[in-house]
A.B. asks: 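Dumping the structure here so I can ask a few things about it.
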Amino acid sequence: MTAEIARATRVVVRVPAKVNLELRVGPLRDDGFHDLATTFHAVDIFDEVTVTPDAEFSVSVTGVGEDKVPTDETNLAYRAAALLAERFDVEERCAIRIVKAIPVAGGMAGGSADAAATLVACDTLWGLGLRRHELEEIAAELGSDVPFALTGGTALGTGRGEQIVPVLATGTFEWLFALTHEGLSTPSVYAECDRLREGEDVPEPQPSDGLLASLRSGDVHGVALAMHNDLESAALSLMPSLRPLMEMGLEMGALCALVSGSGPTVAFLLKDRQDAVALRRVLEAGGLADDFVHASSTPHGAQVLVVD
Ligand code: C5P
């Protein structure tokens, strides 16, 4: 007698946002991408993705920034499910429901996170049992930040950001993120970076030893000192209003203020939650950002929460 394996009818996956503690950008490559040396760091702002069997693929989005996310086949989560089905000859289809907390077009890899969560959810729903490296390969096809969203925690990204190696990091850091409703498109920020560096001899990107050593020892002051983003001047050039926000944050006790990824979200690193709450009050009164979110570092990546 063969035992029937019960198929899942609903899978829920939670996936974190990221901030780049360091983002070193090399010269423009022939394929239109840039080589990176970046240290990704996951923070506990989570999107939740639920997949259920359905006759066709579909996407629905609720939560923060829901009106700014496409729900057709251009949605990265839709593409993730379709690519996985195609690659593994899966005939089943699913409805994808996304509940967003990660800012949209904010430089925190929200779309990439949803794609990573969808890969993990569909792998479980369809009983594929894929290995980590198989998921990572498909993730890399979908976007440069998608493999990190699978892994979470703290990791070094090289290549165009898709080659991930976990980094030993101790300690939990406190963050305040200042959000701007108007997003910045990643390609336009990279293009602005190229424009600003025209004529310069851009070296191959290297991660800094200082950041990795500070992460190992959990030294928040060392991390604050070593944080760096080569895309920051491009983001500031496209959105100059970020500069007074960052300056005010530094004056008011932030250990570091850095544009997150391609922006426009600004990440403030604080000594503790109390300082983060105090900074939020001051910045809110200053009216220099549209919204604020507190977050702490998280070791998690895309994680299955529920299988029914
Ligand atoms: O890989 P992803 O789809 O997230 O990249 C979006 C865009 O960001 C690319 O089309 C490219 O313009 C830019 N990019 C880049 N170099 C990278 C990653 C992204 O130039 N390493």
Side-chain angles (χ1 to χ4, degrees), residues 15-42 47 59 65 68-70 72-84 98 100 102-119 135-152 155-165 183-198 200 202-207 228-239 259-265 301-302:
V15 65
K18 63 85 184 161
V19 56
N20 302 75
L21 301 179
E22 183 173 38
L23 179 49
R24 306 264 173 198
V25 180
L28 178 63
R29 307 190 320 199
D30 292 342
D31 64 0
F33 287 89
H34 298 73
D35 275 326
L36 304 182
T38 186
T39 303
F40 291 108
H41 187 71
D47 279 3
V59 175
K68 290 189 272 180
V69 182
D72 59 10
E73 68 283 353
T74 63
N75 186 295
L76 209 51
Y78 186 114
R79 285 170 46 203
L83 185 61
L84 194 67
I98 303 172
K100 290 212 67 73
I102 306 175
V104 176
M108 299 189 76
S112 303
D114 298 341
T118 303
L119 289 179
L135 283 173
E136 276 175 359
E137 268 172 42
I138 296 188
E141 282 183 52
L142 291 161
S144 309
D145 291 343
V146 185
F148 171 72
L150 289 174
T151 307
L156 190 62
T158 55
R160 54 186 172 83
E162 88 286 15
Q163 292 163 30
I164 295 295
V165 182
L184 277 177
S185 104
T186 304
S188 63
V189 176
Y190 274 99
E192 180 67 0
C193 176
D194 291 334
R195 195 187 66 80
L196 292 174
R197 303 198 299 194
E198 223 167 80
E200 274 178 40
V202 180
E204 281 308 313
Q206 297 290 341
H228 174 85
N229 183 357
D230 275 347
L231 290 180
E232 185 166 276
S233 40
L236 289 172
S237 162
L238 296 174
M239 208 179 265
V259 167
S260 176
S262 54
T265 301

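Counting starts at 1 for both ligands and their atoms, in listed order.
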A.B. asks: Show me which atoms of ligand 1 lie under 4.0 Å from any heavy atom of T186.
C.D. replies: 8 (O)
A.B. asks: Mark up the atoms of ligand 1 that fall under 4.0 Å of a heavy atom belonging to G143, in ascending order.
C.D. replies: 1 (O)
A.B. asks: If you measure only the distance, is there a donor-acceptor pair under 3.5 Å linking the side chains of S262 and T186?
C.D. replies: yes
A.B. asks: For ligand 1, which atoms have a heavy atom of P187 less than 4.0 angstrom away?
C.D. replies: 7 (C), 12 (O)
A.B. asks: Looking only at protein heavy atoms, which one is nearest to atom 19 (C) of ligand 1, and what is the separation?
C.D. replies: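 The closest one turns out to be Y190 CE1, 3.6 Å.
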A.B. asks: Pick from N20, D230, L23: which one makes a side-chain contact (heavy atoms from CB on, under 4.5 Å) with L36?
C.D. replies: L23
A.B. asks: Between the side chain of T38 and the main-chain N/O of E22, is any donor-acceptor distance below 3.5 Å?
C.D. replies: yes
A.B. asks: Is there any N or O on R160 that sits under 3.5 Å from an N or O of ligand 1?
C.D. replies: yes
A.B. asks: Would you say the side-chain atoms of T265 pair up with the backbone N or O of G106, donor to acceptor, closer than 3.5 Å?
C.D. replies: yes
A.B. asks: State the atoms of ligand 1, each with its element, that fall below the 4.0 Å cut-off from a heavy-atom position in S144.
C.D. replies: 1 (O), 2 (P), 4 (O), 18 (C)
A.B. asks: Where on F33 is there a heavy atom closer than 4.0 Å to ligand 1, on the side chain, on the backbone, on both, or on neither?
C.D. replies: both
A.B. asks: Check whether any side-chain N or O of D35 sits under 3.5 Å from a backbone N or O of P27 as a donor-acceptor pair, and report yes or no.
C.D. replies: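 No.
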A.B. asks: Can you list the ligand 1 atoms lying under 4.0 Å from a non-hydrogen atom of G32?
C.D. replies: 20 (O)
A.B. asks: Tell me, which protein residue and heavy-atom name are nearest atom 16 (N) of ligand 1, and how many Å apart are they?
C.D. replies: H34 N, 2.9 Å
A.B. asks: Evaluate salt bridge (Lys or Arg N to Asp or Glu O under 4.0 Å) for E192 paired with R195, printing each intermediate quantity in order.
C.D. replies: CA-CA 5 Å; E192 180 67 0; R195 195 187 66 80; 2.9 Å; yes
A.B. asks: What atoms of ligand 1 come within less than 4.0 Å of a heavy atom belonging to L36?
C.D. replies: 21 (N)
A.B. asks: Geometry only, no angles: is D145 polar-contacting ligand 1 at N/O separations under 3.5 Å?
C.D. replies: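 Between D145 and ligand 1, no N or O pair is found under 3.5 Å apart.
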A.B. asks: Closer than 3.5 angstrom, by distance alone: can the side chain of T151 be matched with the main-chain N or O of P147 as a donor-acceptor pair?
C.D. replies: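 It does hold such a pair.
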A.B. asks: Are the side chains of L231 and V259 in touch, meaning some heavy atoms are under 4.5 Å apart?
C.D. replies: no
